[in-house]
Amino acid sequence: MSGGHPIRVLNVAEKPSVAKSVAGILSRNQGLIVRHGRSRYNRVFEFSYAIRGQPCQMLFTSVTGHLMEIDFDDRYRKWHSCDPADLYHAPLRKFVPEDKLDIKRTLEEEASSCQWLVLWLDCDREGENIAFEVVEVCTVANHQLNIWRARFSALIDRDIHEAVQNLGRPNQLFADAVDARQVFLQEIDLRIGASFTRFQTMLLKDAFVLDFNRNDRNLVLSYGPCQFPTLGFIVERYWEIQSHEPEEFWTINCSHNSDEGTCTFNWMRGHLFDYTCAVLIYEMCVQEPTATVTKVKQQEKLKYPPHPLNTIELEKRASRYFRMSSEHTMKVAEDLYQAGFISYPRTETDSFSQRTDLHAIVQEQQGHPVWGSYAQQLLDPGAGLWRNPSNGGHDDKAHPPIHPTKFSAGESGWSQDHQKLYELVVRHFLACVSQPAVGAETTVEIDIAGEFFSASGRVIIAKNYLDVYRFESWGGSMIPTYVVGQQFIPTTLTLDSGVTRPPPLLSEADLLNCMDKAGIGTDATMHDHIKKLLDRFYATKDSNTRFSPTNLGEALVMGYDDMGYELWKPYLRSMMEGDMKAVSIGTKRKAEVLATCLEQMKACFLDARLKKVKLLEAMAVFFERSNRSGRDEQLGVGGVVRRCGLCQEFDMVLKRQPAGNFMVGCLGFPQCRNVVWLPGSIAEAALTTNVCNSCTPGPVYMVQFKFRRLEIPPNYNVDHLGCIGGCDEILRQLTEICGTGSRSLPAVPARGRGPIASSSNVERSTTRQSACAHCRQMGHSSSDCPMQGSRSRGAQSHRMTSQSGESSIPCDTCGLPCVLRTANTANNRGRKFYSCQSQECNFFVWEDNLNNITGGRSAPRANTSSSASNPSRRGGRGRGGRSGAHAAGGTFVSATGDPISGRRCYVCGDPSHFANVCPNRGT
DNA sequence: GCAAGGTC
């Protein structure tokens with residue numbers, strides 16, 4: 001203490017705007033002197049202030065986020081300076097970057113003339129970490145500094161004055177743990193990110209034609225522990241959609257018109273996938289259609305307001321309600337925060353502390369022209385609208401949930417988005433302290449021939465929070481009155497069909513959810529990772545804020561997935577975070593954990609690099625090889641196999657492509673494109689002097705193959721002396737089973753990529769102009785060859801996708817895709833069949849027979865539909881054959897009392913069909 | 001030219 005002299009206090013905030021705001025609040029803008037420091041952005045504010053009665057000369061300046069960075073030593077900085085694998089042990093340095101040196105100097109100079117240092121850094125993990133950096137710089141300049149921490153969460157008078165009058169000490173333990181964690185993650189992120197980014201960029205960028213409409217000298221195929229798992233979520237959902245096979249289901253619907261209106265009853269079984277079963281039940285109902293009311297239940301239902309608002313919820317809701325991107329939302333929220341209208345927008349917390357004066361926040365909103373009256377009601381104890389907010393279960397112990405901190409009925413400088421976001425924050429807050437909406441629900445159950453149906457209606461009794469939270473709604477629909485025991489004849493009773501649908505693409509809100517659950521990124525950075533995927537051409541966002549991977553994004557994830565690594569999954573980072581926790585609570589030593597982790601990561605990197613073929617193969621599915629590394633890189637492995645039978649001019653030679661797969665190609669390429677693709681499972685292939693004695697014209701030299709054990713079925717030998725001339729059954733089978741490396745996908749659909757995915761992938765491939773190894777025709781690979789049986793790949797490969805996107809099959813005789821038609825004959829009306837487009841072929845097959853043969857999804861029906869007398873066939877049922885079912889839009893004709901045979905149509909008595917598809921119904 | 005984390 002220096003007698004009567006004021007204490008000189010150096011105050012440091014995380015950013016200039018906070019320094020300005022806090023200085024303004026503390027000085028009440030009286031006697032505030034502003035001067036420039038060495039940094040042009042970070043000014044120094046000076047004013048007098050009394051802390052607990054102690055006169056102080058306050059100096060208030062700021063940093064701009066982190067003062068320090070880490071990077072590799074200079075000699076490792078250039079991309080070609082070292083093997084990327086060296087980056088796992090290359091020395092790092094922590095330093096103040098060039099553009100922050102002037103801030104550092106300001107801090108040093110001011111610190112040397114002060115007695116106190118007050119840290120006004122944000123109260124979060126990174127804030128503590130930055131505080132550490134500030135302390136480090138300042139104490140070097142002045143060892144005597146008395147160091148304090150100010151804790152605040154909103155830039156409003158109340159918070160700030162409270163903070164400065166209740167200064168604490170920086171929590172050394174917490175700061176250490178935070179520091180250890182941050183340094184650890186920083187280091188891991190840098191080493192992994194840089195090594196993989198350099199590796200995959202240098203491997204792929206020039207090897208393929210990546211036409212993204214930009215100068216690809218700057219193209220970087222980055223890899224990062226946050227961006228890749230985020231991409232993984234998008235790709236996974238995309239694959240899920242692609243592999244979805246629509247499945248037809250059946251349901252019985254019932255409605256009843258009465259004086260009070262129409263009531264729709266839903267079948268309590270939901271829906272059935274078995275048509276026969278559904279029809280039997282339907283017929284039962286139709287025979288005894290009288291409905292008896294078995295249950296009438298009336299119940300009060302509550303719909304609760306949301307939890308208090310945190311960052312992720314803010315981003316999700318802004319995306320959902322206003323279609324604002326998360327990145328833009330955070331920018332707008334930051335503006336509102338800096339202007340003092342809302343509290344700190346980067347918070348995990350979704351519950352208010354006991355000390356928060358919630359009423360005061362509501363009071364401020366009373367004057368608003370739109371929601372002011374709602375705020376008044378909330379404060380009126382007689383209205384009974386108030387309810388203490390729920391606890392969402394998250395607390396970052398640094399900031400309260402996002403809430404309004406200053407009243408505004410709109411500012412002149414605000415954009416529409418500022419307006420919307422402020423409104424969302426206010427309405428959300430008001431909703432949080434409101435009673436739930438109350439509804440009265442009525443459920444009625446009826447019994448028709450032993451089958452149960454139910455209908456429900458809801459009447460909203462009190463909207464409560466829904467009055468102010470206009471973004472949410474709660475549908476209400478009235479239903480007529482029924483009493484137990486009441487009987488009636490349904491107005492309609494129909495058997496309807498539907499198909500299962502794939503899930504939708506991920507929306508921005510879904511994506512944030514996935515990231516949140518997996519712990520990817522922080523509140524402040526999640527939107528950055530999403531944007532990075534767009535910037536790197538890994539994903540696109542449609543107008544509906546839904547994300548799809550680009551070919552590039554899908555190829556990269558596919559490549560790593562094929563390696564067997566889950567580098568694109570979030571586990572890696574979660575594991576590291578877990579280890580860090582162990583460090584922070586002292587059960588593991590930091591250096592140990594770091595060393596182990598680095599070893600593991602390096603091993604993973606080296607192994608991934610060994611399997612780089614997988615990346616190249618995946619890329620080749622989507623992109624053309626570039627000239628820059630085309631033929632030159634094809635590694636000749638030796639010798640002439642035979643004379644080319646196509647051009648009859650050049651020799652066919654055994655080659656190994658850069659991607660690792662083998663082929664026998666004509667030296668006349670590109671004029672002659674004759675090629676024999678070989679199985680992707682070949683590890684080695686060497687030409688021998690043995691000549692095949694069955695293939696002509698000879699000589700055709702035989703090749704000694706060595707297959708990779710794990711990639712071929714167990715009943716095949718690893719070593720095989722084979723012939724590429726067409727006589728070799730084993731080679732043909734293995735080509736079919738394993739595919740041919742880069743050109744086709746594995747025969748067995750991996751992960752979520754089902755048959756639909758593979759067909760569309762193959763169509764996108766630009767390297768398909770080679771001939772089929774089986775029939776020598778162009779335009780397909782041997783595994784899709786129409787001249788082959790549908791043996792190993794089953795029903796899926798038997799189908800093609802025609803240009804119009806319709807499912808098709810190849811003609812048995814000529815191989816052309818068949819046309820799917822619908823029969824219109826008396827016996828088979830509505831039944832689908834395939835026939836050849838060519839007049840010469842008489843190829844014809846019933847679609848439902850095809851399913852039986854190939855064992856498609858309609859298997860349960862296969863047993864029953866083989867007999868022509870079975871009526872279930874007549875409904876025109878089958879994949880794509882739903883026309884008969886859709887005719888079920890007509891109404892149920894009420895019972896006449898006539899006896900009905902179980903095997904006849906109830907409407908017209910015809911035994912060839914059931915009532916739901918009867919041509920006479922409804923007329 | 002690389003990560004993720006702050007922020008301008």
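Within every chain, numbering begins at 1; the chains are lettered A, B, ... in the order of the sequence lines, protein sequences first and strands thereafter.
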Exercise for review: Go through the steps for Trp414(A) and Phe341(A) under the test ring-ring contact (aromatic ring centres under 6.0 Å, His included), then give the verdict.
Suggested key: CA-CA 12 Å; Trp414(A) 281 6; Phe341(A) 291 104; 5.0 Å; yes

**Study point:** Shortest side-chain distance from Thr525(A), nucleotide among dG5(B), dG1(B), dT7(B)
**Key:** dG5(B)

Study note, to complete from the structure: Here the distance between atom P of dG6(B) and atom CZ of Arg346(A), to the nearest Å, is 7 Å

Study note, to complete from the structure: note: Phe72(A), atom CZ; dC2(B), atom P; distance rounded to Å ~ 13 Å

**Study point:** Candidates dC2(B), dT7(B), dG5(B) - which lies nearest the side chain of Glu69(A)
**Key:** dG5(B)

Practice item. For the pair Tyr337(A) and Tyr344(A), name the ring-plane relationship: parallel under 30°, tilted 30 to 60°, perpendicular over 60°. Key: perpendicular

Check your understanding: Nearest nucleotide by nearest heavy atom, which residue falls closer to the 5' end of DNA chain B, Met68(A) or Trp79(A)?
Key -> Trp79(A)

Point to revise | Short side-chain donor-acceptor distance under 3.5 Å, Asn310(A) and Thr347(A) | key: no

Point to revise | Any donor-acceptor pair under 3.5 Å from Thr545(A) side chain to Lys541(A) backbone | key: no

Check your understanding: Looking at dC2(B), dG5(B), dC8(B), which one has an atom nearest to any side-chain atom of Pro16(A)?
Key -> dC8(B)

Review point. Can you find a side chain N or O atom of Gln186(A) that sits less than 4.0 Å from OP1 or OP2 on dA3(B)?
Key: no

Check your understanding: Is a side-chain N or O of Lys611(A) found less than 3.5 angstrom from the main chain of Met563(A), in a donor-acceptor match?
Key -> yes

**Study point:** His80(A) side-chain proximity, nearest of dG1(B), dG6(B), dC2(B)
**Key:** dG1(B)

Review point. Which whole-number value in Å describes the distance from Lys205(A) NZ to dG1(B) P?
Key: 11 Å

Review point. Between Thr329(A) and Ser326(A), do the side chains contain an N or O donor and an N or O acceptor separated by less than 3.5 Å?
Key: no

Review point. Any side-chain N or O of Thr522(A) under 4.0 Å from OP1/OP2 of dA4(B)?
Key: no

Practice item. Could you tell me the separation between the CG atom of Leu67(A) and the P atom of dC8(B), rounded to a whole number of Å? Key: 14 Å

Review point. With respect to the side chain of Glu14(A), which nucleotide from dC8(B), dG6(B), dC2(B) is positioned closest?
Key: dG6(B)

Review point. Does Pro16(A) offer a backbone N or O that forms a donor-acceptor pair with the side chain of Asn42(A) under 3.5 Å?
Key: no

Practice item. Could you tell me whether the phosphate oxygens of dC8(B), OP1 or OP2, come under 4.0 Å of any side-chain nitrogen or oxygen in Arg43(A)? Key: no

Review point. Among dA3(B), dC8(B), dG5(B), which nucleotide sits nearest the side chain of His66(A)?
Key: dG5(B)

Review point. Where is the tightest heavy-atom contact between His394(A) and Glu348(A), given as atom of each residue plus distance?
Key: CB-O, 3.2 Å

Exercise for review: With heavy atoms under 4.0 Å as the rule, sort Asp71(A) into base, sugar-phosphate or nothing.
Suggested key: base

Practice item. Report the distance from atom CD1 of Ile520(A) to atom C1' of dG5(B), rounded to the nearest whole Å. Key: 15 Å

Check your understanding: Heavy-atom contacts under 4.0 Å between residues 331-339 of chain A and DNA chain B, which residues?
Key -> Gln338(A)

Review point. Does a side-chain N or O from Arg40(A) land closer than 4.0 Å to OP1 or OP2 of dC8(B), or not?
Key: no

Review point. Looking for any heavy atom pair under 4.0 Å, which part of the strands does Asp528(A) touch: base, sugar-phosphate only, or nothing?
Key: nothing

Point to revise | Between C1' of dG1(B) and CG of Asp206(A), the distance in whole Å | key: 13 Å

Exercise for review: Among dC2(B), dG5(B), dC8(B), find the nucleotide with the atom closest to the side chain of Thr64(A).
Suggested key: dC8(B)

**Study point:** Residue met sooner reading DNA chain B from 5', once Met526(A) and Asp99(A) are mapped to nucleotides
**Key:** Met526(A)

**Study point:** Closest to side chain of Thr197(A), choosing from dA3(B), dG5(B), dT7(B)
**Key:** dA3(B)

Review point. Roughly, in whole Å, what's the span from CE in Met202(A) to C1' in dG1(B)?
Key: 10 Å

Exercise for review: Take the protein atom CG of Asp73(A) and the nucleotide atom P of dC2(B), then report the distance between them rounded to whole Å.
Suggested key: 19 Å

Point to revise | side-chain N/O His529(A) vs dA3(B) OP1/OP2, d < 4.0 Å | key: no

Review point. Going by ring centres under 5.5 Å and near-parallel planes (under 30°), is Tyr223(A) stacked on dA3(B)?
Key: no

Review point. Just by distance, with hydrogens left out, do His66(A) and Glu133(A) show a side-chain donor and acceptor under 3.5 Å apart?
Key: yes

Exercise for review: Look at all strands and tell whether Ile70(A) reaches a base, only sugar-phosphate, or nothing, counting heavy atoms closer than 4.0 Å.
Suggested key: base

